[in-house]
Amino acid sequence: MGKYTTVFLDLDNTLLDFSKSEKHAIRKLLKKNGVKHSNAVISRYAKINQIFWEKFERGEIKKEEIFVGRFKMFLEELGSNISPYLLSDGYFELLPYEHHTVKGAKQILKYLKNKGITVCVTTNGVEKTQKKRISDSKFGKYFDYVFISECVGLQKPEKEYFDFAVNSVGKSDRSEILIVGDSPSSDILGGQNSGIDTCLYNPHNKNYDCGATYTIKRLGDLKKII
């Protein structure tokens with residue numbers, strides 16, 4: 001076995017294609033409620049959602065403030081008088097059934113398990129939604145541990161969140177752990193806060209200057225690191 005014996009893998013936009021899942025769920029939601037659902041409108045919602053999650057990761061808002069707040073801002077921009085609570089509830093009914101996978105995700109999970117690597121999911125997502133998507137994607141069989149922030153009571157990028165995960169897997173040597181994810185503000189900063197090596201999954205070559213230990217464009221490139 002190589003340097004790393006344990007991998008903490010982000011879920012959304014690392015293993016599961018959240019962007020695609022979000023797009024499908026939002027289009028269905030807006031169509032159902034008579035709201036225009038062009039690609040530009042859906043893209044704007046995605047940006048607003050990202051803004052709210054980044055505020056949460058910085059500790060500026062509580063998680064529950066995301067869910068209605070993002071739709072409130074979105075609808076205000078559209079000039080719509082539809083209730084943001086109605087859209088928020090409808091969205092959570094639709095999203096759990098969207099479990100599109102990232103290219104190469106199943107292959108790298110099989111590779112890690114065959115190598116005897118301890119595979120852990122680390123996610124700030126909503127418990128009910130993430131558990132359903134993990135189950136439907138059939139990825140659960142590859143995971144030794146799943147750390148959902150709602151269950152842990154802590155969140156990425158907090159050091160305490162990763163301390164909890166490290167202690168749960170019984171790892172005393174953090175040099176054997178690698179954090180893999182697409183978010184500089186959540187996964188990479190979390191690793192830096194916790195003294196754990198990080199790998200930024202950056203399939204679209206975004207211009208990040210986050211100081212990740214490694215950067216990969218394809219999940220299969222993890223084989224060169226592990």
Side-chain angles (χ1 to χ4, degrees), residues 9-57 61-106 109 121-140 146 148-150 155-156 181-187 201-208 217-219:
L9 282 161
D10 181 38
L11 188 65
D12 287 323
N13 285 334
T14 301
L15 295 176
L16 297 182
D17 190 336
F18 178 78
S19 296
K20 188 173 183 178
S21 296
E22 176 185 62
K23 183 177 181 179
H24 282 224
I26 288 295
R27 189 179 296 278
K28 291 175 184 176
L29 176 70
L30 298 183
K31 184 177 181 180
K32 179 180 178 181
N33 288 278
V35 181
K36 59 182 180 180
H37 48 278
S38 66
N39 289 339
V41 168
I42 293 171
S43 294
R44 181 55 189 160
Y45 167 80
K47 181 61 179 176
I48 290 172
N49 182 51
Q50 181 182 356
I51 289 170
F52 272 79
W53 277 101
E54 288 177 356
K55 285 183 177 181
F56 168 68
E57 290 165 2
I61 60 174
K62 295 180 180 179
K63 179 180 280 189
E64 53 267 27
E65 294 179 69
I66 299 173
F67 307 135
V68 174
R70 59 190 176 185
F71 282 106
K72 184 174 185 294
M73 179 184 289
F74 175 63
L75 291 168
E76 285 175 351
E77 288 192 7
L78 289 180
S80 173
N81 58 5
I82 293 178
S83 166
Y85 295 92
L86 175 67
L87 289 193
S88 182
D89 289 345
Y91 180 65
F92 278 121
E93 291 176 4
L94 293 168
L95 185 61
Y97 295 93
E98 302 286 346
H99 56 272
H100 309 278
T101 60
V102 170
K103 184 177 181 180
K106 182 177 180 180
L109 287 173
V121 166
T122 55
T123 175
N124 279 344
V126 177
E127 177 185 1
K128 180 180 178 181
T129 301
Q130 300 301 60
K131 286 184 175 180
K132 171 68 173 171
R133 293 170 71 229
I134 289 172
S135 174
D136 288 353
S137 68
K138 311 298 183 185
F139 280 177
V146 175
I148 302 173
S149 60
E150 275 190 2
Q155 69 204 44
K156 299 186 294 184
D182 70 299
S183 172
S185 62
S186 176
D187 306 300
Y201 174 56
N202 187 12
H204 304 298
N205 288 324
K206 293 183 179 180
N207 187 23
Y208 292 131
K217 185 175 180 179
R218 294 172 293 273
L219 289 176

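These figures come from a predicted structure and were not determined experimentally.
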So, taking the atom named CG in L29 and the one named CG in D89, what distance separates them when rounded to the nearest 0.5 Å? 10.0 Å
How long is the straight-line distance from OG of S19 back to CG of N49, given to the nearest 0.5 Å? 9.5 Å
Which atom of R133 lies closest to which atom of L95, heavy atoms considered: CD-O, 4.0 Å
Here's a test for you: under side chain to side chain donor-acceptor pair (under 3.5 Å), which of E98, E93, H37 qualifies with K28? E98
Are a donor atom and an acceptor atom from the side chains of K106 and T101 found within less than 3.5 Å of each other? no
Distance-minimising heavy-atom pair for K36 and L78: CE-CD2, 3.7 Å
Does one side chain, of E54 or S185, offer a donor that lies under 3.5 Å from an acceptor on the other? no
Can you check whether E127's main-chain N or O pairs, donor with acceptor, with E150's side chain at less than 3.5 Å? yes
Do R27 and N39 have side-chain heavy atoms sitting under 4.5 Å apart? yes
For the student: nearest non-hydrogen atoms of Y201 and T14, plus distance: CD2-CA, 4.0 Å
Taking atom CD1 of I148 and atom CG of L11, what is their separation to the nearest 0.5 Å? 8.0 Å
Answer yes or no: is there a donor N or O on one side and an acceptor on the other, between the side chain of S135 and the main chain of K131, under 3.5 Å? no
When Q130 is tested against each of N124, V146, D12 for side chain to side chain contact (heavy atoms under 4.5 Å, CB included), which residue passes? D12
Nearest 0.5 Å, please: how far is CZ in R70 from CG in L87? 10.5 Å
Main chain of F18, side chain of N13: is a donor-acceptor contact present, judged purely on distance under 3.5 Å? yes
Looking only at non-hydrogen atoms, find the nearest pair between T129 and P96 and report the distance. OG1-CG, 3.9 Å
Do L94 and H24 come close enough that some side-chain heavy atom pair is under 4.5 Å? no
Rounding to 0.5 Å, atoms CG (L9) and CG (D187) come to a distance of 9.5 Å
Quick one, F139 with L16, criterion side chain to side chain contact (heavy atoms under 4.5 Å, CB included). Give me CA distance, side-chain angles, the key distance, then yes/no. CA-CA 10 Å; F139 280 177; L16 297 182; 3.9 Å; yes
Going by an N to O cut-off under 4.0 Å, is there a salt bridge joining K47 and E77? no
Contact check, side chains of S183 and E57, non-hydrogen atoms, under 4.5 Å: yes
Donor-acceptor contact present, side-chain Q155 to main-chain F56, <3.5 Å: yes
Donor-acceptor pair, distance only, cut-off 3.5 Å: does the side chain of K156 make one with the backbone of T122? yes
To the nearest 0.5 Å, tell me how far R44 CZ sits from I26 CD1. 13.5 Å
Give the intermediate values and the outcome of side chain to side chain contact (heavy atoms under 4.5 Å, CB included) for residues V35 and V41. CA-CA 10 Å; V35 181; V41 168; 5.5 Å; no
Which heavy atom of D10 sits nearest to which heavy atom of L15, and what is that distance? O-CG, 3.6 Å
Would you say the rings of F71 and Y45 are close, in the sense that their centroids are separated by under 6.0 Å? yes
Set out, in order, the CA-CA distance, both residues' side-chain angles and the distance that settles side chain to side chain contact (heavy atoms under 4.5 Å, CB included) for K55 and E65, then state yes or no. CA-CA 10 Å; K55 285 183 177 181; E65 294 179 69; over 6 Å; no
When you measure from the side chain of S88 to the backbone of P84, do you find a donor-acceptor pair of N or O atoms at a distance under 3.5 Å? no
Quick check against the 3.5 Å criterion: does S137 have a side-chain atom that pairs as donor or acceptor with the backbone of I134? yes
Considering all heavy atoms, the nearest F92-V126 contact: CE2-CG2, 3.8 Å
